[in-house]
There are 2 protein chains.
Amino acid sequence: MRDSVTILQEHGIQPSAQRVAVADYVLKTVEHPSADLVWTRVKARVPYISRATVYNTLNLFVEKGLLRALALAEDSVVFDPNVDRHHHLVDESGAIHDIPWDKVQVCNIETLKGFEIHDYQVVMRGVRKSARRKS
Amino acid sequence: MRDSVTILQEHGIQPSAQRVAVADYVLKTVEHPSADLVWTRVKARVPYISRATVYNTLNLFVEKGLLRALALAEDSVVFDPNVDRHHHLVDESGAIHDIPWDKVQVCNIETLKGFEIHDYQVVMRGVRKSARRKS
DNA sequence: ATCCACATTTAGACTTAGTCTAACCACCCA
DNA sequence: TGGGTGGTTAGACTAAGTCTAAATGTGGAT
Ligand SMILES: [Mn+2]
Ligand SMILES: [Mn+2]
Ligand SMILES: [Zn+2]
Ligand SMILES: [Zn+2]
């Protein structure tokens, strides 16, 4: 994994202590966390960080292309460090799983008359089958 | 269009004046309205209806299968009287358009290992091209 | 090393979507 | 006529997110 400081600098972001702490967590996670979950996670290592800074930082990262904000569930937006095209499966438990772009194909998108499609993804609802039986 | 009173009765819902007023709008609209937009629209005909009743009614309709609640954009859930499978295009303007189920195909969903998919749709972002040029 | 302009952070007020509560109303039937 | 039940209501409450204005930190010029 690349150094958070370097990544921020490459994107024209001053690597303050707070921003680096947020980046260390949110750019590597697979949790698709809400802003408040990011706050909780980051506070574990930087207890003095404020809620406003977490929101500021997440919005800045989205603006600079380091994160995507996703509206997949009611109640809160969720952040995704995977900015490449991919699909999502929203587990009944609330967890969100990435589905690689090439695992499913969407056909005839380009033939849709009357619309100019800038972006798309398949959003699935379901459950993750328990990986192999536990016993 | 079927009678709202009949539809409610068939779904085991007492057709009170307020519920019928909400149904008259929300079961026929193509706007994908938020709860507060429903309130605005219904108040035009039934000015004394309360916000709580609108929320209660929409949640009841969802529970009874008359409506779907969709989390497609940040800021609010929207309601959709089209409960058959279909896709959505979220216009940059904020408008949401239905895309018929058979206009695009999603392949290999059933071959996804480790997940049990209960439901899915394609969510597109883009713009509606001005229907023919205006002049 | 010091200074300063500017960027960053901060607490807490504010806004808005949505839920909850407890009183109130309307209808049905004894 | 008096409950009992349903439905409705205003307004309190919660929670996600933004905004403000003050405090603090920082890098570069001197
Ligand atoms: Mn909410
Ligand atoms: Mn909000
Ligand atoms: Zn993802
Ligand atoms: Zn729809």
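Order of the sequence lines fixes the chain letters, A, B, ..., with proteins taken first and strands second; residue numbering starts at 1 for each chain. Excluded from the calculations below are hydrogen atoms, water molecules and symmetry mates; all remaining heavy atoms, backbone and side chain alike, are included.
With axes fitted over five pairs at each extremity, the angle between the ends of the helix from C:dA1-D:dT30 to C:dC24-D:dG7 is 20° (10° resolution).
Because its glycosidic torsion is more than 90° from 0, C:dG18 is reported here as anti.
Near DNA chain C, meaning a heavy atom under 4.0 Å from it, residues 52-62 of chain A has A:A52, A:T53, A:N56 in order of number. For the segment residues 8-16 of chain A, residues with any heavy atom less than 4.0 angstrom from an atom of DNA chain C are, sorted by number, A:Q14, A:S16.
For B:N108, the side chain to side chain donor-acceptor pair (under 3.5 Å) partners at least two apart in sequence or on another chain are A:Q105. The side chain to side chain donor-acceptor pair (under 3.5 Å) test applied to A:S16 returns no partner, not counting sequence neighbours. Evaluation of the side chain to side chain donor-acceptor pair (under 3.5 Å) rule for A:S93 yields A:D91 as partners, not counting sequence neighbours. With sequence neighbours excluded, the residues forming a side chain to side chain donor-acceptor pair (under 3.5 Å) with A:S50 are A:T53, listed by chain and number. For B:R41, the salt bridge (Lys or Arg N to Asp or Glu O under 4.0 Å) partners at least two apart in sequence or on another chain are B:E31.
Applying the ring-ring contact (aromatic ring centres under 6.0 Å, His included) definition to pairs two or more places apart or across chains, none involves residues 48-84 of chain A. Here salt bridge (Lys or Arg N to Asp or Glu O under 4.0 Å) pairs that include residues 105-114 of chain B, with residues two or more places apart or in two chains, number zero. Counting only residues at least two apart or in different chains, salt bridge (Lys or Arg N to Asp or Glu O under 4.0 Å) contacts with residues 4-22 of chain B comprise B:R2-B:E10.
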For residues 114-124 of chain A, which side-chain N or O atoms pair as donor and acceptor with protein atoms under 3.5 Å away, sequence neighbours left out?
residue : atom : partner : partner atom : Å
A:E116  : OE2  : A:H118  : NE2          : 3.1
A:H118  : ND1  : B:E92   : OE1          : 3.4
A:H118  : ND1  : B:E92   : OE2          : 3.2
A:Q121  : OE1  : A:H88   : ND1          : 2.8

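B:R19 contributes no side-chain N or O that forms a donor-acceptor pair with the base of D:dG7 under 3.5 Å.
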